[in-house]
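Inspection log for the structure reproduced underneath, given as structure tokens.
Chain letters run A, B, ... following the sequence lines, proteins first and then strands; every chain starts at 1.
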There are 2 protein chains.
Amino acid sequence: MPKNKAALDREQKREEILGVARRLFLDAGYELTSVGRIAEQAGVAPNTIYWYFADKDALLVAVLDSLVNEAARDFQKHARGPLDAQLLWLLRAFDQAHGIIATVHARAALSESIGAWHANFHRTLESALVALLHGHGVPRPEQGHASRVITFVLEGLLAHPSSSKERRALLGWLVSTVTHRRA
Amino acid sequence: MPKNKAALDREQKREEILGVARRLFLDAGYELTSVGRIAEQAGVAPNTIYWYFADKDALLVAVLDSLVNEAARDFQKHARGPLDAQLLWLLRAFDQAHGIIATVHARAALSESIGAWHANFHRTLESALVALLHGHGVPRPEQGHASRVITFVLEGLLAHPSSSKERRALLGWLVSTVTHRRA
DNA sequence: ACCTGAACACCGTTCAAGT
DNA sequence: ACCTGAACACCGTTCAAGT
């Protein structure tokens, strides 16, 4: 524990601002949440935010990290069973974040920090999916293609309205198509 | 030809504003293109735009319509041959619009007009893809799932950087997987 | 080091006034 | 009917000034 009192206080305040931002981004969306409103709910002046975060995009990146870290932790605990059930679990874990995900895609080209976060996220997700597919018996030369297709389908299902029944049907079909593929 | 001179003039001016908006949206992106800048390049005052379009979103919807209509026209002319080649053609046709597509996904939940356009676009694309799959021998009960997966993969390839070599490989694999599926 | 009030340059949009 | 200058309410961000 290398942190002194001052550093702890700073961390604590940063976390509070982050928590407010996370709630507002998830509830109202990134675009409709102004820095001023985050500051207001955190009980500080708008420009105080900039003492803790470089800009509004840095706030989004920190929120994204917290969401992904939580999902990764819970996935190891709860997501067992067949492949399509695991994918369905992933989908539900990120469902609340679908607005944020759309924002990431729109801003990846506009903001360097979000672009970098997005590229790194896809690298991480890809290797996790490849490991998952490997464990479910998908032959190595197909793992790359299958993981990309699954990634895009997950993103598509998140971005577009779909009932959990439709999701189950589509993911079931996709997984059986990919894992029972002919040579 | 029911249009009189005045109506023609109006149409012409609308088209000019629309052309400027299209160029700027494609070049710089929706978010980085201000209504003021469109007006400037069209040679009118900023608020004149609002005589021809309800708001900035209506401008985007009109640009989207022009892009989709052109692509639909060209597709019937040029996109022949095997299924993956046709999908590759579609991808190239919308490549320049990848920034706009990301914006549509981000704003679909925020703007009623863009949300409606987006839902309608997917209905149209889905039925076109189903017809295409039917023509390529995909059995009817699979057409719905296959068309959604293909839609999501096309969107994914547009949204994320990918070389034409990667695209060819992935689409080839996907089409062969989907069309040679076991019962 | 941390926080603020005030300001800056911009944004989409509206409105009263002109023709 | 069409167009404009001026204004409105907001935005993210900066900066000089305070402690």
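- Close to D:dC3, at under 4.0 Å from its OP1 or OP2, lies no side-chain N or O of B:Trp51.
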How does DNA chain C look in dot-bracket notation if pairs are Watson-Crick or G-U with both distances under 3.5 Å, crossing ones as [ ], other-strand ones as |? ||.|||||...|||||.||

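- In terms of heavy-atom proximity, A:Phe25 sits nearest to A:Tyr30 at CZ-CD1, 3.6 Å.
- Using modelled atom types, one side-chain atom of A:Glu166 and one backbone atom of A:Ser163 make a donor-acceptor pair closer than 3.5 Å.
- Applying the 4.0 Å criterion to OP1 and OP2 of D:dA1, one finds that B:Arg10 has every side-chain N and O outside that range.
- Under 4.0 angstrom from either OP1 or OP2 of C:dC3 there lies at least one side-chain N or O belonging to A:Tyr52.
- B:Ala71 and B:Phe94 get closest at one heavy-atom pair: CB-CZ, 3.7 Å.
- Of the possible polar contacts, one joining the A:His98 side chain to the A:Asp95 backbone as a donor-acceptor pair under 3.5 Å is found.
- A single hydrophobic cluster is not seen to contain both A:Trp117 and A:Leu110; linkage of ILVMFWY side chains at heavy-atom distances under 4.5 Å, directly or through other members, places them apart.
- Summarising the geometry, the separation between CG on A:Leu32 and P on D:dC10 is reported as 13 Å, rounded to the nearest angstrom.
- A straight line from NZ of B:Lys13 to C1' of D:dT4 spans 11 Å, rounded to a whole angstrom.
- A salt bridge is absent between A:Glu126 and A:Arg123: the closest approach of a Lys/Arg side-chain nitrogen to an acidic carboxylate oxygen does not fall below 4.0 angstrom.
- Counting non-hydrogen atoms under 4.0 angstrom, B:Ser34 reaches the backbone sugars and phosphates but no base.
- Side chain of B:His160 to main chain of B:Gly156: a donor-acceptor pair is present (N/O by atom type, distance under 3.5 Å, no hydrogens or angles).
- Counting non-hydrogen atoms of neighbouring residues, nucleotides and ligands closer than 6.0 angstrom, the NE2 atom of A:His145 exceeds 12 such neighbours.
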Nucleotide by nucleotide, 5' to 3', does protein get under 4.0 Å of the base (B), only the sugar-phosphate (S), or neither (-) in nucleotides 13-19 of chain D, counting heavy atoms? BBB----

